[in-house]
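For clarity, every value in this text was computed on a predicted model and none was experimentally measured. Every heavy atom of this structure was used, including side-chain atoms; hydrogens, water molecules and symmetry mates were not.
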Amino acid sequence: MPDLNHEKKKKILSFLTNFLLMTAGAFIYAFGIAVFLDPNHLAPGGVSGISIILNSFIPIGTGVWIFVINIPLMILGLIVFKFNFLMGTLYATTLSSAIIEVINRGFSNLIPDMHDHLLIAAAAGGALVALGIGLVFRGGGSTGGFDIVVKLLRRKFRHMKTGILYLALDVTVI
């Protein structure tokens, strides 16, 4: 007979590990955007890139834009995908959007001026965003946005590779 207490402990440990991975990933992702990409007007692909561009025209905050653009995508994701995937996505998206806003509004005077070093800002921001997204994925969530769009497109176009779909969407934004 299996030890139910052991299984319960494993589930709790797995949940906590995933929660910590998503939390750390959201912080790193937000830091890369708020410190290196957004202040230098470097728009990566995806919803974060669209948000940085939109914030140049309607300055309500890049984190706010990320959250607002993700609302319809998450509603669509809730209709199509599992509730657990969406909960991790909602958590990571909300947390990272809030962190971006806190950094941009509360700590903007501490952000180094990188306008003369855009290549370094792009490389550092890109690396941090990639690491953050990777940790969030590892924890079972996503940062929303094009992750949901790509999952939907993969259902329709099963023969296309996930990376190609991301690349096509990101190039469209850039």
Margin query: Tell me whether Val80 shares a hydrophobic cluster with Leu86, the cluster being built from Ile, Leu, Val, Met, Phe, Trp, Tyr side chains joined at under 4.5 Å.
Written below: yes
Notebook entry, point to check: In a check of side chain to side chain contact (heavy atoms under 4.5 Å, CB included) between Ser48 and each of Leu37, Ile53, Ile69, Ile33, which one passes?
Noted result: Ile33
Notebook entry, point to check: Between Asn70 and Ile66, what is the shortest heavy-atom contact and its length?
Noted result: ND2-O, 2.8 Å
Next item on the list: Locate the shortest heavy-atom distance separating Val64 from Arg105; write the atom from each residue and the value.
Entry: CG2-NH2, 4.3 Å
Check: Taking it one step at a time, do Phe36 and Leu42 satisfy side chain to side chain contact (heavy atoms under 4.5 Å, CB included)?
Finding: CA-CA 8 Å; Phe36 293 104; Leu42 296 169; over 6 Å; no
Notebook entry, point to check: For Phe27, what residues pass the ring-ring contact (aromatic ring centres under 6.0 Å, His included) criterion, not counting sequence neighbours?
Noted result: none
Next item on the list: Indicate the ring-plane relationship of Phe15 and Phe19, choosing parallel, tilted or perpendicular according to the 30° and 60° boundaries.
Entry: parallel
Margin query: For a quick test of reading the model, state the closest non-hydrogen atom pair linking Ala26 to Leu95 and the distance between them.
Written below: CB-CD2, 3.8 Å
Checklist line | Heavy-atom closest pair, residues Gly144 and Thr93 | finding: N-OG1, 3.6 Å
Next item on the list: Check whether Tyr91 and Leu73 end up in the same hydrophobic cluster, where Ile, Leu, Val, Met, Phe, Trp and Tyr are linked by side-chain heavy atoms less than 4.5 Å apart.
Entry: no
Next item on the list: Report the C-alpha distance between Met22 and Leu135 in whole Å, list the side-chain angles of each, state the deciding distance to 0.1 Å, and finish with yes or no for side chain to side chain contact (heavy atoms under 4.5 Å, CB included).
Entry: CA-CA 6 Å; Met22 285 193 288; Leu135 290 172; over 6 Å; no
Margin query: I'd like to know if Val150 and Ile75 are part of one continuous hydrophobic network [Ile/Leu/Val/Met/Phe/Trp/Tyr, side-chain heavy atoms within less than 4.5 Å].
Written below: yes
Check: So which of Val47, Leu54, Asn55 actually passes side chain to side chain contact (heavy atoms under 4.5 Å, CB included) with Ser51?
Finding: Val47
Next item on the list: Flag the pair Phe146 / Ile50 as yes when at least one side-chain heavy-atom distance between them is below 4.5 Å, and no otherwise.
Entry: yes
Checklist line | Atom of Asn18, atom of Arg138 and distance for their closest heavy-atom approach | finding: OD1-O, 3.9 Å
Checklist line | Nearest heavy-atom neighbours spanning Ile111 and Ala34 | finding: CD1-O, 3.5 Å
Show the atom names and distances, to 0.1 Å, of all donor-acceptor pairs under 3.5 Å that link a side chain in residues 164-174 to residues at least two apart or in another chain.
{"unit_1": "Tyr166", "atom_1": "OH", "unit_2": "Asp147", "atom_2": "OD1", "d": "2.7"}
{"unit_1": "Asp170", "atom_1": "OD1", "unit_2": "Gly46", "atom_2": "N", "d": "3.0"}
{"unit_1": "Thr172", "atom_1": "OG1", "unit_2": "Ala168", "atom_2": "O", "d": "2.8"}

Next item on the list: Take the angle between the ring planes of His41 and His115 and call it parallel below 30°, perpendicular above 60°, tilted in between.
Entry: tilted
Next item on the list: Look at the side-chain heavy atoms of Ile, Leu, Val, Met, Phe, Trp and Tyr, link any pair under 4.5 Å apart, and say whether Ile99 and Phe137 land in one connected group.
Entry: no
Margin query: Any heavy-atom pair between the side chains of Thr143 and Tyr29 that's under 4.5 Å?
Written below: yes
What pairs of donor and acceptor atoms, side-chain ones from residues 125-133 against any protein atom, are under 3.5 angstrom apart with sequence neighbours left out?
none

Check: Val136 and Leu16: same hydrophobic cluster, using ILVMFWY side-chain contacts below 4.5 Å?
Finding: no
